[in-house]
Participant: 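Dumping the structure here so I can ask a few things about it.
First listed ligand is number 1; within each ligand, the first listed atom is number 1. Not measured: the values here are computed from a predicted model.
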Amino acid sequence: MKVAVVLGTRPEIIKMSPVVRELEARGIDHFVLHTGQHYSHNMDRVFFEVLRLRPPRHNLNVGSGTHGEETGRMLMGIERVLAEEKPDYVLVEGDTNTVLAGTLAASKMRIKVGHVEAGLRSGDMSMPEEINRIVADHVSDILFAPTEVSMQNLLREGLDQEKIRVTGNTIVDAVNQNLSLTEGRDIRSELCLDRYFLATVHRQENVDSPERLRRILGGLELVSKELGREVVYPVHPRARKRISAYGLHVGASVRMVDPVDYLTFLMLERGADLILTDSGGVQEEACILGVPCVTLRDNTERPETVEVGANVLSGTDPQRILDCAREMLRANVGWQNPFGDGNSAKRIVDSIER
Ligand code: UD1
Ligand code: UDP
């Protein structure tokens, strides 16, 4: 059996790392095909370094562009590599343009596709990720749903139960495997931090709208001032570009830094009093690490985090962001992690071996 792991962005590298490690541990013939959707050192190579992953065998270097440009270049490149390598399985993870291109290319070549993190739905078709998820799920052969909620979403869309495996989310494996590598480090002294909140913002619907981005940044500043904590904000390159293009001002109590490597980010998450984010993976990690979260969006495809009391949706109104932050700081943090026991990668690899 030969397995191709197709990935292209920061969260895919992180969430596929346990799967790659598992394939390696079992001596299964596999290779990583990187589309190059993310390419800046701190969005890409740094993760291979700190997670101690071998560099990808293939990198298509597609870079950035419109959705059509990115996806089109990826489709051509993935098809070429799959024709040459002839894998039996292609594994993709999540909801990016890389996932869309990977599933389309492989399924049309009649190569079996496994979709890791299948069945997530925000119900919001204006998100490019929602379109990618739906297409990926409907053309994949095996659907690795992280939770019962995601399995139910797939069944509701008429997908065959036979194709679905509830595995947990590989983010739990990634957190467990990598947190141990941070032992002995103290992020507060490394970054000269007192108590702080952590923020990330990168979603297209938030940062490509000057009005929404201005309100979110205003909300971070308000939270910081009213609740007396510095906000540490590692800025995604997409947001950095937009903040500069829109000429937005961010107050000094919001410390804007470049994106950080995964181990540093895990430490920042664990040490934060509160996380404010529009990221999917960060909502999950906050919930797993027992840190309350405010999601700077109107919906989430991770409703499990809200149901267990780990997360609330604030939208982008500054006063509402502050109210949600106050509410979550009072939250009882003893919730159960709904994303599994950290053995998701084992279940995924078991399943394709069978
Ligand atoms: C993509 C995914 C999104 C995911 C996010 C993870 C899609 C449709 N979107 O969004 O679901 O949550 O990755 O971070 O696939 N840029 C750089 N360097 C990089 C990468 C991007 O400077 O290494 C800048 C470029 O200006 C680029 C912009 O960020 O135009 C957006 O990059 P792109 O990959 O298109 O989308 P993301 O916003 O990163
Ligand atoms: N992350 C990181 N460094 C940062 C910001 C985020 O390592 O500076 C990690 C974070 O721990 C999570 C993943 O990146 O695992 C989330 O990626 P992102 O928010 O870009 O995408 P999403 O999960 O929303 O698709």
Participant: Between N97 and ligand 1, does any nitrogen or oxygen pair lie at a separation below 3.5 Å?
Facilitator: yes
Participant: Any idea which of E70, R238, H67, H41 brings a heavy atom closest to atom 10 (O) of ligand 1?
Facilitator: R238
Participant: Do T96 and ligand 1 have an N or O pair less than 3.5 Å apart?
Facilitator: no
Participant: Verify, without hydrogens or angle tests, whether K86 (side chain) and A83 (backbone) share a donor-acceptor contact under 3.5 angstrom.
Facilitator: yes
Participant: Give me the residue, atom name and distance of the protein heavy atom closest to atom 30 (O) of ligand 1.
Facilitator: S64 CB, 3.4 Å
Participant: Using distance alone, with no hydrogens and no angle criterion, decide if Q319 and D323 have a side-chain donor and acceptor under 3.5 Å apart.
Facilitator: yes
Participant: Please round to the nearest 0.5 Å and tell me the distance separating atom CD of Q283 and atom CG of L296.
Facilitator: 9.5 Å
Participant: Under 4.0 Å, heavy-atom basis, I'd like to know which part of S279 is in contact with ligand 2: side chain, backbone, both or neither.
Facilitator: both
Participant: Could you find the nearest protein heavy atom to atom 17 (C) of ligand 1 and give me its residue, atom name and distance?
Facilitator: Y39 OH, 3.3 Å
Participant: Out of all atoms in ligand 1, which are within 4.0 Å of some heavy atom of H236? Include the element for each.
Facilitator: 14 (O), 37 (P), 38 (O), 39 (O)
Participant: In ligand 1, which numbered atoms sit nearer than 4.0 Å to a non-hydrogen atom of K241?
Facilitator: 26 (O), 30 (O)
Participant: Is there a heavy atom in Q204 that sits closer than 4.0 Å to ligand 1?
Facilitator: no
Participant: Out of all atoms in ligand 2, which are within 4.0 Å of some heavy atom of P234? Include the element for each.
Facilitator: 8 (O)
Participant: Y233 pairs by side-chain contact (heavy atoms from CB on, under 4.5 Å) with which of L198, V201, V250?
Facilitator: V201
Participant: Name the option, out of R203, R302, R10, that contains the heavy atom nearest to atom 22 (P) of ligand 2.
Facilitator: R203
Participant: Would the distance check show the side chain of R297 and the main-chain N or O of N299 forming a donor-acceptor pair, the cut-off being under 3.5 Å?
Facilitator: yes
Participant: Which protein non-hydrogen atom lies closest to atom 3 (N) of ligand 2, naming both residue and atom, and how far is it?
Facilitator: V260 O, 2.7 Å
Participant: Test your reading of the structure: does G280 have an N or O sitting under 3.5 Å from an N or O of ligand 2?
Facilitator: yes
Participant: Nearest protein heavy-atom contact for atom 21 (O) of ligand 2: which residue, which atom, what distance?
Facilitator: P11 CG, 3.4 Å
Participant: Considering the heavy atoms of P237, write down every atom of ligand 1 situated less than 4.0 Å from one of them.
Facilitator: 16 (N), 17 (C), 18 (N), 22 (O), 24 (C)
Participant: Report yes or no: does S140 contribute a side-chain atom to a donor-acceptor pair with the main-chain N or O of D137 at less than 3.5 Å?
Facilitator: no
Participant: Under 4.0 Å from a heavy atom of M43: give me the atoms of ligand 1 that qualify, with their elements.
Facilitator: 23 (O)
Participant: Between H115 and F144, does the ring centre distance come in under 6.0 Å?
Facilitator: no
Participant: Checking side-chain contact (heavy atoms from CB on, under 4.5 Å) against Q37, which of D44, N97, L60 comes through?
Facilitator: N97
Participant: Does any N or O atom in R10 lie less than 3.5 angstrom from one in ligand 1, N or O only?
Facilitator: no
Participant: Pick one of side chain, backbone, both or neither for how F265 approaches ligand 2, counting any non-hydrogen atom pair under 4.0 Å.
Facilitator: side chain
Participant: Please classify the S40 to ligand 1 contact at 4.0 Å (heavy-atom distances, strictly less than): side chain, backbone, both or neither.
Facilitator: both
Participant: Looking only at protein heavy atoms, identify the closest one to atom 11 (O) of ligand 2 and say how far it is in Å.
Facilitator: E285 OE1, 2.6 Å
Participant: Counting only nitrogen or oxygen atoms and a 3.5 angstrom limit, does G281 reach ligand 2?
Facilitator: yes
Participant: Just by modelled atom types, is the G8 backbone N or O under 3.5 Å from a matching donor or acceptor in the E12 side chain?
Facilitator: yes
Participant: Is it the case that more than 12 heavy atoms not belonging to E211 sit under 6.0 Å from its CD atom?
Facilitator: yes
Participant: Among protein heavy atoms, which lies nearest atom 12 (O) of ligand 1, and at what distance?
Facilitator: H202 NE2, 2.8 Å
Participant: Please check if the side chain of S344 supplies one atom and the backbone of T167 the other of a donor-acceptor pair under 3.5 Å.
Facilitator: yes
Participant: For atom 13 (C) of ligand 2, which protein heavy atom lies nearest, and how many Å away is it?
Facilitator: I14 CD1, 3.9 Å
Participant: Which label fits F31 and H58: parallel for a plane angle under 30°, tilted from 30 to 60°, or perpendicular past 60°?
Facilitator: perpendicular
Participant: Looking only at heavy atoms, is any part of S279 under 4.0 Å from ligand 1, and if so is it the side chain, the backbone, or both, or is it neither?
Facilitator: neither
Participant: List the closest protein heavy-atom neighbour of atom 1 (C) of ligand 1: residue, atom name, distance to the nearest 0.1 Å.
Facilitator: Q37 NE2, 3.7 Å
Participant: Among all protein heavy atoms, pick out the one at the shortest distance from atom 7 (O) of ligand 2; state its residue, atom name and that distance to 0.1 Å.
Facilitator: F47 CE2, 3.2 Å
Participant: Of the listed options (M127, H38, E129, R242), which comes nearest to atom 9 (N) of ligand 1 when hydrogens are ignored and any heavy atom counts?
Facilitator: E129
